[in-house]
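Reckoned from all heavy atoms, side chains included, excluding hydrogens, waters and symmetry mates. Computed from a predicted structure; not experimentally measured.
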Amino acid sequence: MGNKTPYNHIAIEKKWRKNWEEHPINVEDGIKEKYYCLDMFPYPSGNGLHVGHWRGYVISDVWSRYKMLKGYYLIHPMGWDAFGLPAENYAIKNGIHPSISTAENVKNIKKQINEIAAIYDWDREVNTTDPDYYKWTQWIFVKMFKEGLAYEKEMPINWCPSCKTGLANEEVVDGKCERCGSEVTKKNLRQWMLKITAYADRLLADLDKLDWPEKVKKMQTDWIGKSYGAEVSFKVDGMEEEIIVYTTRPDTLWGATFMVLAPEHALAHKLATEETKDAVEKYIYDASMKSNVDRMQDKEKTGVFTGSYAINPLNGKKTPIWLSDYVLADYGTGAIMCVPAHDDRDFAFAKKFDLPIIQVIAKDGKEIEDMQEAYTEAAGTMINSGDWNGMESAVLKKEAPAMIEELGYGKKTTNYKLRDWVFSRQRYWGEPIPIIHCPDCGAVPVPEEELPVLLPDVEKYEPTGTGESPLAAIDRWVNTTCPCCGKPAKRETNTMPQWAGSSWYFLRYVDSKNDKALVDREKADKYLPVDMYIGGVEHAVLHLLYSRFYTKFLNDIGVIDFDEPFKKLFNQGMVCGRDKDTGAATKMSKSLGNIVSPDDIVRDYGCDSLRLYELFIGPPELDSIWDDSGMEGIYRFLNRLWNMFNENKDKDVAETKELVKLRNKMVYDITTRLEQFSLNTVVSGFMEYNNKLVAMTKEGGVDKETLKTLTILLAPFAPHLGEEMWEQLGNTDSVFHQTWPSYDESKMADDEKEIAVQINGKTKAVIKIAVDEAKDAVIEKAKAEIADKLTGNVVKEIYVPGRIVNIVMK
RNA sequence: GCGGAUGUGGCGGAAUUGGCAGACGCACAAGACUCAAAAUCUUGCGGUGGUGACAUCGUGUGGGUUCAAGUCCCACCAUCCGCACCA
């Protein structure tokens, strides 16, 4: 086959990059419906991009360009999440001021991202460290403060000794810092908190509205952790005090044989008697010294008897009160009633300390003899439960909270695992919290017209480790006057977490230069919310939960008219390297030396080839393994396609019925696969159709209309090649100003079809039939074809039209 | 422990939702071209048996439903991910 004009990816891609720079592809905003396709914006790390990072960007770009060709007004922006720990840690490690290193990194990554040839609208670019941007990050905080959603509290919080800062619960993974992996300890600090718990119910309920992966919805549901139950009051024997416990199983109240309080419980000290005092004090002290990890991972239960007793309001029985660190101080009321017969943890505790076990639910009508583990299901009949005897446990479980409330022993209630958001960081590289502390007026927000509070330029930005931000050392910045009374006052020196800027950036893109408002309401109404959000799954309960919270808040104060930021979410899988020894998939990392750099690939095969391979590598939602020869294969495919195109483009081949059919089928297949987001099979679809077109080339050629159609279909995937082919077909405008082709089903239909002939479900032959051939005729034809094999009694003859013939024989 | 995902040739993966398993690509083999190699092209390529048309087994395992199962049902196994003393 002739190869007169070899596929020169370097020349083609260079040509069209230049062309796009000079004649940007823009589609006029106007009567068109908008489509907002968003990538999770990167933090500009110094390591640069590898082929794994490309994947999400390629997916979103292909989708964006497709939507553009479908006639939408496309919003496809990019920006930089440049505040926060990673950027700052990188700066410290390399001894460069974060403002300089981040600017450098942004420049580098922007250059690398440009290699993807994604159709980003750089006019919309945002950078969270830009004062014109963080002015609004601070503004939101001030609004939250005014609404009572931002508050100060001194409390023991998660502390990363390596990053030397407090962390939110969401940032602690397996007791370790999400960023650096150091073991997280507790530290008592004055903190700024955001009352995300006020939105718990809405954050939970509105998940139903979202077209998100079930996995992510489930993770958020679990994180919010709503449970229903009752708070029950127990009087302490011989004291005025009452202890309130939270339980989801008030139906088992008759089986409560002891009570356990968290060591941090307010009454812990007071409950100790003369005899138990030393042991109790020691236990409380020891617990306070244990790290989170120890406390969570100790399977063996520990505890101490306080010497006091609580009185079960239902039956008046005295139950011993213990302290144990398996009870969490900050969940529920920090105290529980223990029903060892029906709870695993209480059972383990009772066994260890030899406490009584009373069964109150009869499994299968009788008590369990020689109980070896707790019976935790609410299934069975109540026993040993006074008035409640004979009731169904499942029914009682539902009714008990209300019954207890009626009896005056407590109230029905709900609880959440979600905690308020620890929002202050004792670090330099973040948005200053816009608060001024006045000795007389207390915490006063910086007046909105004085925002932003600029992050001062400093020499020393390393974390102090004392629980104070490095900003605290800058006297001339810290000392100011109270906006309320004018007296000397001090600035808040903590900064915001990285998530502050990323919780609302998607709003800013549609109006990134507005200096009067966070976003113009008209523009917000027109262009928001995000239709498609593409990024890794690692933000399932961090960024994605925070963004939802911010959006709901901004909706409440009337900034925007919607309360969910991202209608559809797509999580792309990772691109892994292969372990040289075991062949197993491993995450690409510097230390493993298995990073594949897109720069080399783009040089050797071109951007278009890499884009296609990123998709062809596997189903977009699953992890995949990079394979050099797979990359090679894609390049060969583009060469074959290019050759086919060149052989036909000047031929002026007449359109045949067969070509029309092929063209319509091609549009149908590519479009439906693309709509299903089955991007890997879209690429294999191009290969299949190219193989057919290559065959057609030998049999007379391919017509112009088919080549045009192929070019438009291919363009979102291989934009440079698409433009080049489009131009060579004699067009002068961009292929991206065309319309996505449509198909005509009536022209796709075959007259003849090959169907399988089976005996007892096993294929014996293939016959050709006319599509509308009658059942009897088909069966006759089928039987004739396999006549020699029809040796038994034919029991049944099945014909599924156009699909299959099955002869059932005995 | 709880929840989710995945399991198909030597490899990555397809399969119109119950209808010819293995599309497409990689790797491999043979052939063409070449002095030769690379590139390219052609052909083959799940296992077993047979020169052969063919037979037979085959989608993690074991059962089941059905004319027909990768696909549906039941019970398991393995790998990966998330959560994990939340009362």
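A/I617 comes within 4.0 angstrom of the backbone, heavy atoms only, and of no base. The residue A/E754 sits close to a base: some heavy atom pair falls under 4.0 Å. Residue A/F616 is in base contact, counting any heavy-atom pair closer than 4.0 Å across all strands shown. A/N691 comes within contact range of the sugar-phosphate backbone alone, with a heavy-atom separation under 4.0 Å but no base atom that close. A/K417 comes within 4.0 angstrom of a base, heavy atoms only. The residue A/N806 sits close to a base: some heavy atom pair falls under 4.0 Å. Residue contacts shown for A/S227 are limited to sugar-phosphate atoms, with no base heavy atom under 4.0 Å away. A/G633 comes within contact range of the sugar-phosphate backbone alone, with a heavy-atom separation under 4.0 Å but no base atom that close.
Between A/N760 atom CG and B/A69 atom P there is a gap of 11 Å when expressed in whole angstrom units. Following rounding to the nearest Å, A/E170 (CD) and B/C83 (P) show an atom-to-atom distance of 11 Å. In this structure, A/D344 atom CG and B/C85 atom C1' are separated by 10 Å, rounded to whole Å. When the P atom of B/A21 is taken as reference, atom CD1 of A/I804 falls 7 Å away, rounded to whole Å. The interatomic distance linking A/I625 (CD1) with B/U6 (P) rounds to 17 Å, in whole Å. One can place CE of A/M631 at 14 Å from C1' of B/G12, the figure rounded to the nearest angstrom. Atom-to-atom, CE of A/M687 to C1' of B/C26 comes out at 10 Å; the value is rounded to the nearest Å.
One finds no side-chain N or O of A/R636 lying less than 4.0 angstrom from the OP1 or OP2 phosphate oxygen of B/A38. Taking side-chain N and O atoms only, A/K215 has no distance below 4.0 Å to OP1 or OP2 of B/A5. For A/K698 and B/U42, the shortest distance from a side-chain N or O to OP1 or OP2 is below 4.0 Å. The shortest distance between the side-chain N/O atoms of A/R640 and the OP1/OP2 oxygens of B/A39 is not below 4.0 Å. In this model, the phosphate group of B/U16 is not approached by any side-chain N or O of A/T672 to a distance below 4.0 Å at OP1 or OP2. Close to B/A14, at under 4.0 Å from its OP1 or OP2, lies a side-chain N or O of A/N680.
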Handout entry: Verdict with reasoning, A/T306 to A/W322, per side-chain contact (heavy atoms from CB on, under 4.5 Å)
Key = CA-CA 5 Å; A/T306 59; A/W322 288 65; 5.9 Å; no
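Among B/C26, B/G19, B/C85, the nucleotide with an atom closest to any side-chain atom of A/Y326 is B/C85. The side chain of A/A756 approaches B/C20 more closely than any other nucleotide in the set B/A55, B/G82, B/C20. When each of B/C85, B/A5, B/A87 is scored by its nearest atom to the side-chain atoms of A/K301, the top-ranked nucleotide is B/C85. Among the nucleotides B/A55, B/A14, B/C67, the one closest to the side chain of A/K764 is B/A55. Checked against B/A87, B/C20, B/C67, the side chain of A/Q758 finds its nearest nucleotide in B/C20. Side-chain atoms of A/V766 lie closest to B/C20 of the nucleotides B/A87, B/U56, B/C20. The side chain of A/T247 lies closest to B/A87, out of B/C81, B/A87, B/C20. Comparing B/A23, B/G25, B/U56 by their closest approach to the side chain of A/S684 singles out B/A23.
Remark: the separation of the C1' atoms in B/C2 and B/A69 is 31 Å, to the nearest Å.
The aromatic ring centres of A/F637 and A/F616 sit 6.0 Å or more apart.
When Watson-Crick and G-U wobble pairs are counted only if both distances are under 3.5 Å, B/A55 pairs with B/U48. Using Watson-Crick or G-U wobble geometry with both donor-acceptor distances under 3.5 Å, B/U6 finds its partner in B/A78.
Taking the ring axis of A/Y326 as reference, the NZ or CZ atom of A/K301 stays within 45° of it and closer than 6.0 Å to the ring centre.
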